[in-house]
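Notes follow once the structure below has been shown.
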Amino acid sequence: MALLQLQNQLKEAVRSAALELFGIELDQIGAETPPRPELGDLAFPVSFELAKLIKQGTGAKVPPRTIAEQLKTKLEAAAEVARVDVAGAGYVNVFFDRAKLLSLFAGKHAGAVAEAPPIPDRPKKMVEHTSINPNKAAHIGHVRNAVLGDTFVRVLKAAGERVEVQNYIDNTGVQVADVVVGFTELEKMTLDQIKALDASLPADVPFDYYCWDLYTRVGVFYREGADEETKSARLRLRSDVLHAIEAGNNPTAELANYVATRNVERILDTMERLDIRYDLLARESDILHLHFWDRAFELMKSAGVIRLESQGKHAGCWVMPFESHTGTDEHESDKIIVRSNGTVTYTGKDIAYQLWKLGRLGLDFNYKPFRSYPDGHVAWVTTTEPNAEILPELPRPNFGGGVKVYNVIDSRQAYPQEIVARGVVALVPEIGADASVHFGYEMVALSPAACTELGIELSEEDRARPYIEMSGRKGLGVKADDLIDRLEKDALKEVEARHPELSTDERRATAHEIAVGALRYFLLKFTRNSVIAFDFNEALSFEGETGPYCQYAAVRANSIFRKLDETAIEAAAELLRKATTDSQTGARVSEVLGGEAGTEVWSLLMLAERLEEAIAQCAASAEPANLAKYAFTLARGFNLFYHRHRIIAEEDEIKKAVLIAVADITRQRLTSALATLGIKVPERM
RNA sequence: GCGCGCGUAGCUCAGUUGGAUAGAGCGUUUGACUUCGAAUCAAAAGGUCGCAGGUUCGAGCCCUGCCGCGCGCACCA
């Protein structure tokens, strides 16, 4: 039995006791962990609520402590419960039978949490993340998006959900058009020349890096060094390119497609370094050419979700009424979906796409494989070509049609996201208002110190700010690959100093895992709505509350078991099982787990056993930082335990068995928690 | 102007649907490697939880007002 089951059992006991004693039906029973282990293993603050309900029902004022006393006797009946205390103003504190619980937990292979198989009939959840404009390299702000999304996917999977991961490719946007203008106007290049350039670029300036610089140069080209007439001619150039891309089937569109696809490939390479993968790349050009919008437009018109304005400043536009934002003189409250020139806005396209994700559009993409990962997983991409996917050896999954969609998009887009969600729910009310979730997060900004380090000159105004926003347009930002390279270099230096006996490949692999652990943890330890003011020292640290700290704890634990006899774990479990029948052994185990030192060991076990709870809570709250904190707390607990006890040298057989069991459970749970965060545990570090 | 978010230790941040003595990391000071790995551990110092009211057995958390900061409010994507 797992701890979670035991908790649920006790909650049921509280529920039936409340019904029996007071005739009150409790719908939700809160159970919490007491602030200090001396107070117990599980606390029910339920007496306070019952006191309130009794007063409401009968008018009788019953002190919470009196209620708690009555609940106490009911809970003490459970076999796993050693005793129950009433504490404070009326807490019901449960103390478990430590020896009994340890014997229940020991020797099992509990590490399978991260690979919990999805339940096949489970309705599918969709997570869209990354969605970087494919016109330049990814920066750390993009990585925050991808790491949050990928981690949340892992959390959902660990909680037994079926999940589909999508990456939206806006390959027809102005950003791509800008880079195309850069190639054709600034570089005067043809598609063949671009391909030749791409093939000849040095390793330290890959295609997406080249585009990064070109993109900023185009920005300057539009804005500076020319008279107004020339500038507006240049901007016309941009909109001509944009239209050509949208229309498709012309040389400009072909060139743009090459640029976008190459950038997507490079971005996927970057993400793969961080163990981030996708099931489907959904391209905007395909949404356009397969007429998803036309269908959505018809649906919206016939449902009366949008209306055609005949007068006012929005005359000729199709708008969606949006009353929650009161209109002012400057800003209308209605949201334009179709412009007066007949073109659709981004929001309109997004509604169509969101409908498809939820299986409510009545149209589908065509698909073809885009890339295969080493383990055989395939990321597919949408296409307009019919039957493109017919490859008998590669069965295609069914994409789309989820019951719930999480869009990982930064919180600046809260307003457009709200409109999309409302539009969708207005069209298909039966899916419910919570089918579209904006999984928002704050941006990664640069600290003034980071800017200085990057050699970025700041204006006086910017220097006074707490942080400076990154900008792809201005080329202001830390490229993801650069940061990963630097982390790997730093980690490699440490590994080389500590483990000269390892081969070059092993050292490099270890350094890579440490670098990934450091970066992923750094981006996950902040809650979603906290702005990360990026600081190199903090991000490059391997000490304190970091990924490597957590990895290190697991590595140390593993090294104990590498040195122990292979049968030690099973032998320890056997001895602990004996303790449940043999009263003398049982008393000794209780003694080892008692007292101040024993309570510390016991607390670690309790914490480790709360992994499922932590994952479930993380899935429900959609806050990956919760799990990151849990992993760190568990690692910290283990490091203390490690320091206090010598397992291999322990002479007391019973104590050794207890220590082995607790250390084994802890390392399994820690490894599992880290895996769910996308962090691996190296052999040595 | 309206909407959203934030304000907690010197700094960066947590704080579990309102719950017990508000917690971490970094930094500072001090101590611990002859032991299963010191990327570690222990100890100390550090708080008017922005301000003022309110709700109740109980508020960092909920409500109201104010102050400060950030973001958003396009026939841009």
Side-chain angles (χ1 to χ4, degrees), chain A residues 28 30 32-36 39 43 45 48 51-52 63-64 87-91 93 133 170 172-177 242 284 313-314 316-317 319 324-333 335-341 343 345-347 349-350 410-416 418 440 442-443 445 447 465-467 469 491 494-495 498 514 518 525-527 529-533 535 537-538 541-546 548-549 551-553 555-557 559-564 613-614 617 620-621 623 625-626 628-629 632-633 636 639-640 642-650 663 684-685:
Chain A
Q28 266 213 328
E32 51 195 50
T33 307
R36 293 183 308 285
L39 291 169
F48 306 112
K52 199 176 283 178
Y91 285 95
N93 291 344
N133 284 321
D170 184 4
T172 56
V174 284
Q175 292 87 351
V176 172
L242 187 56
E284 180 162 274
K313 63 193 285 195
H314 291 164
C317 298
V319 303
S324 82
H325 294 264
T326 334
T328 62
D329 289 348
E330 280 175 280
H331 303 290
E332 293 291 331
S333 58
K335 180 70 194 172
I336 290 165
I337 302 297
V338 180
R339 303 181 188 104
S340 55
N341 66 6
T343 57
T345 60
Y346 181 83
T347 310
K349 281 185 269 189
D350 229 22
D410 78 83
S411 52
R412 282 170 294 187
Q413 307 223 34
Y415 176 63
E418 195 186 339
E442 273 292 348
M443 61 178 162
S447 68
R465 293 168 174 273
Y467 47 79
E469 189 179 350
E494 291 293 327
V495 174
R498 289 156 199 257
I514 294 168
K525 73 179 190 182
F526 300 92
T527 51
N529 52 11
S530 166
V531 177
I532 299 179
D535 181 85
N537 289 335
E538 247 181 280
S541 171
F542 296 154
E543 287 165 20
E545 196 196 335
T546 65
Y549 175 96
Q551 291 171 307
Y552 185 64
V555 167
R556 287 168 124 188
S559 85
I560 297 172
F561 289 94
R562 210 169 23 235
K563 285 176 183 156
L564 272 173
E613 203 184 320
Q617 199 205 343
S621 63
E623 180 52 87
N626 293 155
K629 292 283 173 195
F632 173 68
T633 309
R636 208 163 57 92
N639 275 334
L640 176 59
Y642 180 92
H643 204 257
R644 292 273 162 88
H645 307 281
R646 301 285 119 169
I647 295 174
I648 293 172
E650 180 57 52
R684 290 182 169 74
M685 67 181 279

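Each chain gets a letter, A, B and so on, in the order its sequence line appears, and its residues count up from 1.
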So, under a plain 3.5 Å distance rule, would you say the side chain of [X] forms a donor-acceptor pair with the base of [N]?
{"X": "R36(A)", "N": "A20(B)", "result": "no"}
{"X": "S340(A)", "N": "C75(B)", "result": "yes"}
{"X": "N93(A)", "N": "A20(B)", "result": "yes"}

[N] [atom2] sits how many Å from [X] [atom1], rounded?
{"X": "R644(A)", "N": "A32(B)", "atom1": "CZ", "atom2": "C1'", "result": "12 Å"}
{"X": "E543(A)", "N": "A24(B)", "atom1": "CD", "atom2": "C1'", "result": "16 Å"}
{"X": "R412(A)", "N": "A74(B)", "atom1": "CZ", "atom2": "P", "result": "17 Å"}

[N] OP1/OP2 closer than 4.0 Å to side-chain N/O of [X]:
{"X": "Y346(A)", "N": "A77(B)", "value": "no"}
{"X": "R498(A)", "N": "A39(B)", "value": "yes"}
{"X": "H643(A)", "N": "U40(B)", "value": "no"}
{"X": "K313(A)", "N": "A74(B)", "value": "no"}
{"X": "R636(A)", "N": "U40(B)", "value": "no"}
{"X": "Y642(A)", "N": "C33(B)", "value": "no"}

Footprint string (nucleotides 9-17 of chain B, 5' to 3'): B base within contact, S backbone only, - free, heavy atoms under 4.0 Å: ---SSSSSB
Ring-on-base stacking A20(B) with Y91(A) (under 5.5 Å, under 30°): yes
F48(A)-G19(B) aromatic stacking (under 5.5 Å, under 30°): yes
Touch class at under 4.0 angstrom, heavy-atom based, for D410(A) against every strand present: nothing
Strand partner of C2(B), provided both Watson-Crick or wobble distances fall under 3.5 Å: G72(B)
With sequence neighbours excluded, residues passing side-chain hydrogen bond (donor to acceptor under 3.5 Å, both in side chains) with T546(A): none
